[in-house]
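Predicted, not measured: the structure shown is a model, and the values here were computed from it. The chains referred to below are lettered A, B, ... by the order of the sequence lines, with proteins before strands, and numbering in each begins at 1.
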Amino acid sequence: MAVERYNHRVEEPKWQSFWTETKAFEAKEDVTRPKYYVLEMFPYPSGRIHMGHVRNYTMGDVIARFRKAAGYNVLHPMGWDAFGMPAENAAMERGVHPKGWTYDNIAAMKKQLKSMGLALDWSREIATCDPEYYQHEQAMFIDFMAKGLVERRVSLVNWDPVDMTVLANEQVIDGRGWRSGAMVEKRELAQWFLKITTYSEELLSALDGLDNWPEKVRLMQKNWIGRSEGLRFSFELEDAQGNLLTDRLSVYTTRHDTIFGASFCALSADHPLVKTLSDTNTGLNDFRKSVAALGTSEENIEKAEKQGHALGLYARHPFRAGVKLPLYAANFVLMGYGEGTIFGCPGHDQRDHDFATKYGLPIIPVVAPRGESVDVSKQPYLEKDGENAELINSEFLDGMSVSAAKAEMAKRFEASGTGERRVNFRLRDWGVSRQRYWGCPIPVIHCTSCGIVPVPKADLPVVLPEDVTFDKPGNPLLHHPTWRHVDCPTCNAKAERETDTFDTFIDSSWYFARFCSPHAKVPVDPEAAKYWMGVDQYIGGVEHAILHLLYSRFYARAMTATGHLDIKEPFKSLFTQGMVIHETYKSVSGEWVLPADAKQEDGKWVHVTTGEALTVGGIEKMSKSKRNVIDPENIIEAYGADTARWFMLSDTPPERDIEWTSSGAEGAYRFIQRIWRLVNEAAEMQGGAADLTLRKLTHRSIEAVTGDLENLRFNRAIARIYELANGLQAAIAQKSIDVREAAETLVLLSAPMMPHLAETSWAVLGHKAAVVDTAWPKTDPALLFEDMVTIGVQVNGKRRDEVSVTKGITQAEIEPIVMAREAVLRSLDGKRVKKFILVPDRIVNIVC
RNA sequence: GUGGGCGUGGCGGAAUGGUAGACGCAACGGACUUAAAAUCCGUUGGGGGAAACCCCGUGAGGGUUCGAGUCCCUCCGCCCGCACCA
């Protein structure tokens with residue numbers, strides 16, 4: 001009798017309601033049980049989920065369900081990264097209020113996430129735009145201030161002219177704003193900074209302990225922090241007439257060994273000395289402007305020639321009396337690094353070489369391969385360390401290795417008090433002021449007599465006013481008629497609120513900690529955090545490798561320093577999943593065409609309805625502009641959440657990009673129907689004989705799937721489940737085998753991936769308890785043991801035969817068996833055996 | 001430029017230095033059906049052969065090893081990060 005098809009439209013909502021009603025995934029602290037905290041990067045409430053969300057949250061969900069079944073007390077929460085520019089853009093474009101827009105989006109996306117059947121603890125839901133949440137952010141900021149982790153200073157900032165706000169260095173990509181894509185300008189503004197550089201050294205060294213982070217992410221953070229060990233020292237300066245000036249020129253270098261090869265000094269166009277000189281030097285002033293106009297984008301840097309402008313001043317060589325190094329303002333020296341100055345050693349640095357060649361400056365070799373000569377006239381010699389190079393033309397350094405010369409030079413500068421060893425970092429402090437409305441208000445007040453006054457904690461939260469307008473550019477908070485006018489908490493005089501809001505990356509830098517105690521009156525309840533933190537498995541996109549993941553590591557330290565947390569590394573294990581990609585097509589006129597409208601005809605791609613020729617545009621990340629987006633809601637409606645989940649996990653390893661294909665989705669759907677048929681057939685079968693082959697397959701499957709899920713190898717786990725299903729199907733066909741264990745195991749092993757089908761199937765198999773309350777299956781070691789093993793037989797490394805032998809067979813035992821094999825004798829062809837190699841239970845290789 | 005990753009059938013991809021291509025998709029052949037869909041059975045890296053079986057094969061070339069997709073060297077190609085960092 002044919003079984004009715006599995007109807008996801010009935011079954012999926014049914015089980016989703018069941019899980020909600022039974023509070024199946026609500027987490028409670030229980031110190032008697034091991035905890036497991038699994039977290040996916042929470043979404044920005046854009047309004048609809050996309051396939052990237054489906055993939056991300058499916059992976060986390062499989063881990064959560066698997067760990068729960070395996071006996072862990074699982075915390076798997078969800079929330080909303082709800083502040084940010086798109087809400088304001090919607091307000092400006094459509095006249096809706098950011099708050100209403102955001103909460104509508106949250107409601108819509110929550111409904112969609114629920115339709116995925118995620119094992120989430122919704123009782124812990126948080127939204128960062130909720131004063132319940134951001135009041136704690138404000139309180140912690142005040143604590144950070146007291147701890148010296150906050151600074152307000154006027155600085156050159158990255159100004160995004162489209163979003164009309166400041167961006168952090170991390171948010172400027174190729175000279176453009178990470179969100180708007182507009183060329184970033186430099187502006188001087190008073191800004192709030194979080195002193196992330198306090199932890200430069202620690203954020204770097206602690207990366208070594210993050211064993212379960214991708215090497216790639218650790219390297220990216222390492223390069224971003226950018227530690228270098230060098231020497232800072234200063235030159236005496238003189239004017240064109242040789243008069244000693246009172247100012248000295250401070251430089252930072254990592255190549256102090258090459259000081260005798262110095263032939264010029266270069267200063268950033270933004271260096272204070274250059275600025276001062278340019279006030280009375282129009283040529284220099286023009287040069288400064290041309291450098292500023294060039295920008296720092298990738299193309300510009302590649303094209304830009306080294307350019308300098310002589311300052312008419314000279315630095316006195318510290319070890320060679322009478323040697324004078326001309327000073328230049330140069331376009332390749334950055335003000336933001338070191339001292340904003342360098343001494344140029346053209347013989348051993350590519351940029352310095354370019355510059356010296358252009359301006360006819362001396363190129364003096366001071367390092368050479370040991371015992372050899374070197375020609376640096378055409379290109380610099382770049383040996384930086386090792387013992388195979390020696391110093392030359394360098395007086396007291398001659399003959400030393402590079403490292404020995406550095407040490408000697410550092411010693412001499414330190415002895416004379418004109419320099420010191422210095423560790424330098426590329427990492428800058430985190431500018432967090434944003435001139436936006438839809439963000440967390442910065443809880444300070446500006447008073448003309450008291451200066452900066454933090455808002456007293458009793459007055460928190462500083463709530464965003466809702467009656468704002470978006471009719472003019474800039475910050476609506478600044479335009480609000482009354483909000484910013486307050487009395488100074490200290491002297492009661494008229495004062496003004498800070499109208500900047502926080503960078504939204506602050507919101508996401510501690511939400512994982514808030515999930516431990518989302519309703520606590522303090523930012524984080526210490527007992528709850530002690531139990532749940534850190535996150536055992538964090539999953540998200542690699543695009544957050546630096547921004548979010550570095551800020552969060554800083555925040556954990558800052559919160560620990562202020563007593564809000566007691567853990568320095570928030571994410572024990574990190575996994576960065578690949579993107580969801582899909583084919584693209586373009587019409588002759590250059591418009592993107594929906595993949596559904598493209599078809600192949602005589603090997604050429606044409607439009608389904610118009611017949612117009614199409615070009616294949618490659619398989620790319622799903623994006624609206626390329627019209628290659630597949631809406632998860634449609635897929636879930638048509639095929640069900642289990643199909644979407646199964647597809648996302650099948651075939652492609654989770655760290656790689658996965659291509660969405662309709663055939664793949666249909667394949668997943670067919671497999672669901674197939675399991676359904678197998679389960680129903682198995683449920684109807686009575687008795688039958690135990691079959692050792694099936695039982696061994698069953699237990700090997702448990703073993704393999706368990707290991708694969710522990711290691712996030714979802715695609716392999718799925719391949720194992722297919723094998724078990726194939727074995728079960730073959731056994732059912734025989735009609736005389738007891739298939740119950742195999743069928744039940746199939747259901748339980750696939751349950752983390754296809755939870756709805758698993759629940760229905762489990763009930764069909766006669767179980768009263770739900771799968772979510774059922775333990776992960778256990779292996780029987782006796783069934784994992786194989787007494788026979790098939791071993792390949794090679795002759796001179798080529799496979800010629802295979803033999804089935806008892807496991808653990810010795811060479812003495814197997815040799816006569818193998819040497820009697822016809823295929824082996826034929827391959828040997830009468831030649832004498834030189835060597836007989838047995839790798840136990842693996843392979844035999846006969847060398848002749 | 002620099003740091004990292006990757007290169008395996010028509011496709012996605014398996015493979016602790018030990019029988020390359022598990023598993024899936026697609027394709028093809030067959031069964032069932034009036035027919036189609038669904039389902040089931042089978043074939044599917046290339047070449048040779050009636051078959052047994054043989055030869056070739058993991059980007060290219062070399063090396064280490066009894067044995068290399070895996071380790072080492074050189075080269076080619078693709079992808080990602082950073083980018084004038086002194």
Student: Tell me which nucleotide among G4(B), G13(B), C40(B) gets nearest to the side chain of L219(A).
Tutor: G4(B)
Student: Report which part of the nucleic acid N715(A) touches: base, sugar-phosphate, or nothing (heavy-atom distance under 4.0 Å, all strands).
Tutor: sugar-phosphate
Student: Taking only N and O in the side chain of R670(A), is any of them less than 4.0 Å away from OP1 or OP2 of A26(B)?
Tutor: yes
Student: For the side chain of R426(A), starting at C-beta, report the closest nucleotide among C82(B), U19(B), C40(B).
Tutor: C82(B)
Student: When you check the glycosidic angle of G47(B), does it come out syn, meaning within 90° of 0, or anti?
Tutor: anti
Student: What is the separation between atom CZ on F671(A) and atom P on G24(B), rounded to the nearest whole Å?
Tutor: 9 Å
Student: By nearest nucleotide on RNA chain B, pick out whichever of E215(A) and E655(A) is the more 5' one.
Tutor: E215(A)
Student: Under 4.0 Å between any heavy atoms, over every strand shown, what does R713(A) touch: base, sugar-phosphate, or nothing? Just pick one.
Tutor: nothing
Student: Base, sugar-phosphate, or nothing for V839(A), non-hydrogen atoms under 4.0 angstrom?
Tutor: base
Student: Is T790(A) touching bases, backbone alone, or none of the nucleic acid, heavy atoms closer than 4.0 Å?
Tutor: base
Student: How would you label the contact of S650(A) with the nucleic acid (heavy atoms, under 4.0 Å): base, sugar-phosphate, or nothing?
Tutor: nothing
Student: Represent RNA chain B in dot-bracket notation, 5' to 3'. Only Watson-Crick or G-U wobble pairs with both distances under 3.5 Å count; pseudoknot-style crossings use [ ] and interstrand partners use |.
Tutor: (((((((..(((.....[....))).(((((.......))))).((((....))))..(((((..]....))))))))))))....
Student: S663(A) side chain: which of A86(B), C25(B), A83(B) is closest?
Tutor: C25(B)
Student: Taking the nucleotide of RNA chain B with the nearest heavy atom to each, does N845(A) or R674(A) sit closer to the 5' end?
Tutor: R674(A)
Student: Which part of the nucleic acid, if any, lies within contact of N726(A), taking any heavy atom under 4.0 Å across all strands shown: a base, the sugar-phosphate backbone alone, or nothing?
Tutor: sugar-phosphate
Student: Could you check which of A20(B), G12(B), C80(B) has an atom nearest any side-chain atom of K216(A)?
Tutor: C80(B)
Student: Under 3.5 Å, is there any donor-acceptor pair linking the side chain of R842(A) to the base of U16(B)?
Tutor: yes
Student: Would you mind classifying the nucleic acid contact of V251(A) as base, sugar-phosphate or nothing, using non-hydrogen atoms under 4.0 angstrom?
Tutor: nothing
Student: Of the nucleotides A83(B), C84(B), A20(B), which one has an atom closest to the side chain of F332(A)?
Tutor: C84(B)
Student: Using a 4.0 Å heavy-atom cut-off, does K834(A) contact any base of the nucleic acid, only the sugar-phosphate backbone, or nothing at all?
Tutor: nothing
Student: Can you tell which of A22(B), G13(B), A83(B) lies closest to the side chain of E723(A)?
Tutor: A22(B)
Student: Counting only side-chain N and O atoms of Y337(A), is one of them less than 4.0 Å from OP1 or OP2 of A86(B)?
Tutor: yes
Student: Hey, can you tell me if Y328(A) and Y359(A) have their rings parallel, tilted or perpendicular (30° and 60° cut-offs)?
Tutor: tilted
Student: Going by an N to O cut-off under 4.0 Å, is there a salt bridge joining K696(A) and E786(A)?
Tutor: yes
Student: So if I take every side-chain heavy atom of T254(A) and compare against G81(B), C66(B), A86(B), which nucleotide ends up nearest?
Tutor: A86(B)
Student: Looking across every strand, which nucleic acid part, if any, lies under 4.0 Å from Q729(A) by heavy atom: base, sugar-phosphate, or nothing?
Tutor: sugar-phosphate
